[in-house]
Each structure stands twice: as C-alpha cells, then as structure tokens.
Amino acid sequence: AALFMENTRKSSIVSRANSIGSTSASSVPNTDDEDSDYHQEPYKESYKDRRRRAHTQAEQKRRDAIKKGYDDLQAIVPTCEQQDFSIGSQKLSKAIVLQKTIDYIQFLHKEKKKQEEEVSTLRKDVMALKIMKVNYEQIVKAHQDNPNEGKDQVSDEVKFNVFQGIMDSLFQSFNASISVTSFQELSACVFSWIEEHCKPQTLRDIVIGVLHQLKSQLY
C-alpha cells in the first residue's frame with residue numbers, strides 16, 4: 001500500500017509538470033516563424049521618401065524642359081547657328097543664346113516696321129494711280145462720245161489758259177500743303193496732297209471753275 005501511494009504521488013507530480021510545461025510552451029511566441037515573416041514582408045516606402053522621389057522627378061522634368069527650350073531657340077534663331085569666332089567651336093552658353101534671341105527679335109521688329117511703312121507708301125501710290133486712271137478714262141470717254149465737238153474752234157492760247165488756270169489752282173493747295181524739309185517729308189506730303197486735293201470731284205470743280213472764268217473773259 002505504501003508503494004502504491006508513492007507511485008500515485010509521483011504520477012500526479014509528473015502529470016502536473018507536463019501540464020505546466022505545455023501551458024508555458026504555448027504562451028512562448030514562435031520566434032522562428034516571426035523572423036521568417038519579417039524577412040518575407042516587402043519594404044514599404046515612407047511618405048518622406050515618396051515626396052523626395054516625386055520632387056526629384058519634377059526637378060528633372062523642369063530641367064529637361066528648359067534644355068529643350070534652349071535647344072529650340074538655338075535651332076530657330078539664325079544668328080545662333082552662325083560661327084562665333086570669339087567662342088570658337090565651344091557650345092553656346094544659355095546667356096549667349098538668350099542675348100542672340102533678343103537681338104534677333106529686335107531686328108524682326110525693325111524689319112516689320114520698315115515693311116509696314118513700305119506697304120503704306122505703296123498703297124498711296126496705288127490710290128494716286130487709280131485716281132489718274134479714272135480721270136484719263138473720263139477724258140477718253142468724253143472724247144469718244146464727241147470726237148468732233150469743238151474741233152478747230154479753240155485756239156492753243158485758250159487751251160494754255162485753261163491748263164494754266166487749273167495748274168494755278170492746284171499749285172495754291174500744293175504750296176500750302178507740301179513740306180520740303182526733307183525728301184521723305186516731301187514724298188509723304190505729295191501723296192497726302194494727291195489724296196486730299198486731286199479727288200475726281202475736286203478736279204472736276206476746279207476745271208468747271210476755270211472754264212466759267214475763261215468763258216466770261218472771252219465773251
């Protein structure tokens with residue numbers, strides 16, 4: 001009986017020890033599994049890293065755009081393609097490209113202004129020629145309608161007096177309107193005078209006035 005009780009006590013102690021051991025083992029974390037999961041988890045980029053990378057990309061795009069802009073200017077501006085002996089075969093700096101571009105734009109503005117002045121002068125020439133054309137067409141038409149009217153009835157003296165009267169009237173307005181300070185002013189004033197005082201209706205009134213004056217003198 002004593003042996004049986006002793007064996008029973010030992011079995012109870014071993015059973016309780018196994019129970020405690022299993023409980024303790026279950027409460028201890030599996031470090032090997034965690035280490036494995038830690039190494040398998042991908043690296044997550046931080047907000048700061050993402051922001052730095054985005055800033056770097058934006059800065060690179062900005063630099064590429066600026067470089068392309070300078071390359072385009074160098075290809076468009078003719079003076080940038082010319083050989084500069086002071087620089088030699090070296091690549092043009094950004095400052096030189098900008099300066100050459102500014103000079104070229106100023107040159108284009110001057111050329112544009114010059115061409116506008118030439119166009120204005122040509123328009124005045126065209127207007128004067130149109131006025132002369134209309135006057136000659138009226139003279140020719142009047143002669144064709146009455147080819148024999150007044151033939152051999154008007155002397156050369158009368159013709160000259162008519163012409164003189166017309167020219168005197170025109171010269172008065174011409175002398176009052178024309179400036180002879182320079183050839184440029186003279187040219188501009190002449191075309192302005194033609195547009196203002198040589199209109200068909202104005203010339204018609206002048207001729208009618210001269211004819212009425214001579215008619216009263218002759219008769």
Side-chain angles (χ1 to χ4, degrees), residues 69 72-85 92 96-219:
D72 292 342
L73 283 178
Q74 220 166 337
I76 293 173
V77 179
T79 53
C80 290
E81 298 177 356
Q82 298 175 358
Q83 181 68 25
D84 194 336
F85 295 101
L92 295 178
I96 294 178
V97 171
L98 287 178
Q99 185 60 50
K100 286 181 175 291
T101 302
I102 293 172
D103 294 341
Y104 185 64
I105 292 174
Q106 292 176 346
F107 167 76
L108 291 179
H109 279 302
K110 291 180 180 179
E111 287 295 312
K112 181 176 179 291
K113 185 177 180 181
K114 181 179 178 181
Q115 291 177 359
E116 289 176 349
E117 292 176 353
E118 291 178 355
V119 170
S120 178
T121 302
L122 291 174
R123 285 177 178 172
K124 292 179 180 179
D125 292 343
V126 171
M127 182 63 66
L129 291 174
K130 286 182 178 180
I131 293 173
M132 295 173 63
K133 177 176 177 292
V134 171
N135 292 333
Y136 283 125
E137 287 177 349
Q138 292 177 352
I139 294 173
V140 171
K141 186 176 183 302
H143 180 72
Q144 290 175 349
D145 293 341
N146 301 297
N148 298 321
E149 184 178 358
K151 188 176 181 181
D152 297 332
Q153 295 181 4
V154 178
S155 64
D156 291 340
E157 183 180 359
V158 174
K159 293 179 182 179
F160 178 78
N161 290 333
V162 171
F163 177 78
Q164 183 180 11
I166 295 173
M167 291 300 104
D168 288 343
S169 178
L170 290 175
F171 182 75
Q172 291 177 4
S173 62
F174 181 86
N175 188 37
S177 304
I178 300 303
S179 171
V180 292
T181 304
S182 64
F183 181 77
Q184 185 177 3
E185 289 188 8
L186 175 64
S187 302
C189 291
V190 165
F191 290 113
S192 177
W193 171 79
I194 290 175
E195 293 178 357
E196 181 67 23
H197 298 280
C198 295
K199 296 177 181 178
Q201 185 61 39
T202 303
L203 293 176
R204 179 183 178 86
D205 294 340
I206 292 174
V207 173
I208 291 175
V210 171
L211 292 176
H212 277 298
Q213 183 179 1
L214 291 175
K215 183 178 179 180
S216 61
Q217 292 177 359
L218 293 175
Y219 299 100

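The residues of the chain are indexed from 1 along the displayed sequence.
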Measuring only between side-chain heavy atoms, which start at C-beta, is Q106 closer than 4.5 Å to D103? yes
Using 0.5 Å steps for rounding, measure from the CD atom of Q213 to the CG atom of N161. 10.0 Å
How long is the straight-line distance from CE of M132 back to SG of C198, given to the nearest 0.5 Å? 9.5 Å
Verify, without hydrogens or angle tests, whether T101 (side chain) and V97 (backbone) share a donor-acceptor contact under 3.5 angstrom. yes
Passes salt bridge (charged side-chain N to carboxylate O under 4.0 Å, His left out), E137 versus K133? Steps please. CA-CA 6 Å; E137 287 177 349; K133 177 176 177 292; 2.5 Å; yes
Closest non-hydrogen atom pair, W193 against L170: CZ2-O, 3.6 Å
Smallest heavy-atom separation, C80 atom then K100 atom, equals SG-CB, 3.8 Å
Taking all non-hydrogen atoms of both residues into account, name the closest pair between L203 and N135 and its distance. CD1-ND2, 3.2 Å
What's the separation between atom CG in L129 and atom CD1 in I194, rounded to the nearest 0.5 Å? 9.0 Å
To the nearest 0.5 Å, atom CD1 of I96 lies from atom OG1 of T79 at 11.0 Å
Would you say that D205 contacts Q201 through its side chain, given a criterion of any heavy-atom pair below 4.5 Å between the two side chains? yes
Does CE in M167 sit with more than 12 non-hydrogen atoms of other residues, nucleotides or ligands closer than 6.0 Å? yes
Output yes when a side-chain donor or acceptor of S120 lies under 3.5 Å from a complementary backbone atom of E116, and no otherwise. no
Which heavy-atom pair separates P200 from V134 by the least distance, and what is that distance? CG-CG1, 4.5 Å
Atom pair CD1/OG1 of I131 and T202 - distance to nearest 0.5 Å: 9.0 Å
Please round to the nearest 0.5 Å and tell me the distance separating atom CD1 of I105 and atom NZ of K112. 14.0 Å
For the residue pair V207 and I166, what are the closest heavy atoms and their distance? CG2-CD1, 3.6 Å
State, yes or no, whether a side-chain contact exists between E196 and S177 at a heavy-atom distance under 4.5 Å. no
